[in-house]
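Take a look at the structure below.
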Amino acid sequence: MAAVAAEAMLGNERLTEFLEHGIWRAIGAEAPASWGVDKAETAIGPCCFRATVRDLARFGLFVLNKGRNADGRQIILSAWFDIATKGHSSIDKIPWDNPSFNPGWPLDYRYF
């Protein structure tokens, strides 16, 4: 559902095309990425994204820089990263007995 909503916001551009032309090129990726799609060619949101380790590192830096590429150009509004990584209530907290819990790095489910 999230991929369908994202594509609607992109003016019905495929999310996979936006990744390739809007983000992947902007971060200077060395290799093509691929994203699993369903029968309607819509990206499968929570899984099936494949890229090289070096390009994932580039993407990680892009996220850490809140949507700026290596040249400093803003590709995605930094406000999006603020919203996407902000916890909204205590229900978002990762329980202490969950294997993903890390007391030195308090993230919540929305972050991921």
Side-chain angles (χ1 to χ4, degrees):
M1 196 60 171
V4 172
E7 287 182 355
M9 289 187 293
L10 291 170
N12 292 319
E13 178 181 11
R14 292 290 183 193
L15 198 52
T16 52
E17 292 168 0
F18 176 72
L19 170 71
E20 182 69 26
H21 301 113
I23 296 177
W24 225 236
R25 187 176 297 155
I27 66 170
E30 295 176 337
S34 65
W35 201 335
V37 295
D38 62 16
K39 289 181 182 180
E41 297 294 314
T42 301
I44 301 171
C47 82
C48 311
F49 178 74
R50 294 170 291 282
T52 66
V53 171
R54 290 172 58 97
D55 287 340
L56 285 175
R58 285 182 178 85
F59 184 72
L61 288 172
F62 175 72
V63 171
L64 286 173
N65 290 319
K66 293 188 174 185
R68 290 189 183 278
N69 69 4
D71 297 330
R73 188 167 57 107
Q74 194 76 47
I75 307 302
I76 296 176
L77 294 174
S78 63
W80 182 89
F81 293 90
D82 294 335
I83 293 167
T85 60
K86 178 183 176 189
H88 298 277
S89 71
S90 61
I91 199 166
D92 292 335
K93 298 291 180 200
I94 297 174
W96 69 268
D97 58 345
N98 184 299
S100 297
F101 179 78
N102 182 345
W105 193 256
L107 299 176
D108 56 41
Y109 283 115
R110 278 191 205 347
Y111 186 85
F112 296 102

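Owing to the predicted nature of the structure, the values given are computational and were not obtained by experimental measurement. One is the number of the first residue; the rest follow in order along the sequence. What's counted below: heavy atoms across the whole structure, side chains too, no hydrogens, waters or symmetry copies.
Of all heavy-atom pairs spanning Arg73 and Ala26, the tightest one is NH2-CB, 4.0 Å. In terms of heavy atoms, Ala29 sits closest to Asp55 at CA-OD1, 3.2 Å. Considering all non-hydrogen atoms of both residues, Lys66 and Asp82 come closest at NZ-OD1, 2.5 Å. Closest approach of Arg50 and Trp35 over heavy atoms only: NH2-C, 4.2 Å.
Under the rule for a salt bridge (charged side-chain N to carboxylate O under 4.0 Å, His left out), the partners of Arg14 that lie at least two apart in sequence or sit in another chain are Glu7. For the salt bridge (charged side-chain N to carboxylate O under 4.0 Å, His left out) test, no residue two or more places apart in sequence or in another chain qualifies with Asp71.
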Which atom pairs, donor and acceptor, lie under 3.5 Å between side-chain atoms of residues 18-25 and protein residues at least two apart or in another chain?
from, atom 1, to, atom 2, distance (Å)
His21, ND1, Glu17, O, 3.1
Trp24, NE1, Ala31, O, 2.9

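With hydrogens and angles disregarded, a donor-acceptor distance shorter than 3.5 Å links the side chain of Arg58 to the backbone of Gly28.
With hydrophobic clusters built from ILVMFWY side chains whose heavy atoms lie under 4.5 angstrom apart, Phe59 does not share a cluster with Leu77. Hydrophobic clustering (ILVMFWY, side-chain heavy atoms < 4.5 Å, transitive): Phe49 and Val37 are in distinct clusters.
The line from CD1 of Ile76 to CG of Asn65 is 12.5 Å long, rounded to the nearest 0.5 Å. The CD1 atom of Ile27 lies 9.0 Å from the CG atom of Asn69; values are rounded to the nearest 0.5 Å.
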